[in-house]
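Note sheet for the following structure.
Heavy atoms only: backbone and side chains are in, while hydrogens, waters and symmetry mates are out. Remember, predicted model here, so these are calculated numbers, not experimental data.
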Amino acid sequence: MSEIIWNKIGFVSMIVMMFAKKHRYSEPVAYEYLRQYGGDKLLVDHYGYLHTQDYDQVVDDLGVYCRRQGGTL
């Protein structure tokens, strides 16, 4: 597997973990929420930009994005 794929996996895993902790969800529940509202795809598709940003801000922005897609957080 290429290095960029490993980096994306690590990045998405870290953001899901932080998202779960912030919203007091288990990691599987947090991932399912993100998947349901397109947050997982957003993280992968925009990895090139997002991984250079402050991770706490990425988590906050991810919550805003999911709410705009119909999420209830």
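- Asp61 meets the salt bridge (charged side-chain N to carboxylate O under 4.0 Å, His left out) test with no other residue; sequence neighbours excluded.
- Taking 4.5 Å as the limit, some side-chain heavy atom of Leu34 sits within range of a side-chain heavy atom of Cys66.
- Connection of Val64 to Tyr31 is not established within any shared hydrophobic cluster, with ILVMFWY side chains joined at heavy-atom distances below 4.5 Å, either directly or through further cluster members.
- Listed by chain and residue number, Phe11, Val12, Ile15, Leu50, Val58, Leu62 satisfy the side-chain contact (heavy atoms from CB on, under 4.5 Å) test with Leu43 (two or more places apart in sequence, or in another chain).
- Taking OH from Tyr55 and CE from Met14, the interatomic distance works out to 7.0 Å, rounded to the nearest 0.5 Å.
- Listed by chain and residue number, Pro28, Val29 satisfy the side-chain contact (heavy atoms from CB on, under 4.5 Å) test with Ser26 (two or more places apart in sequence, or in another chain).
- Judged as a side-chain hydrogen bond (donor to acceptor under 3.5 Å, both in side chains), and not counting sequence neighbours, Lys21 has no contacts.
- For Lys22, the salt bridge (charged side-chain N to carboxylate O under 4.0 Å, His left out) criterion is met by Asp60, not counting sequence neighbours.
- Closest heavy-atom contact between Tyr33 and Thr72: OH-N, 3.4 Å.
- For Phe19 against Ala30, the heavy-atom pair with the smallest separation is CD2-CB, 4.0 Å.
- Here the CG atom belonging to Leu73 is positioned 7.0 Å from the CZ atom belonging to Arg67, to the nearest 0.5 angstrom.
- Among residue pairs with one or both ends in residues 3-15, none qualify as side-chain hydrogen bond (donor to acceptor under 3.5 Å, both in side chains); sequence neighbours excluded.
- Between the side chain of His51 and the backbone N or O of Tyr47, at least one donor-acceptor pair lies under 3.5 Å.
- In this structure, Tyr25 and His23 have tilted ring planes: the angle between them lies in the 30° to 60° band.
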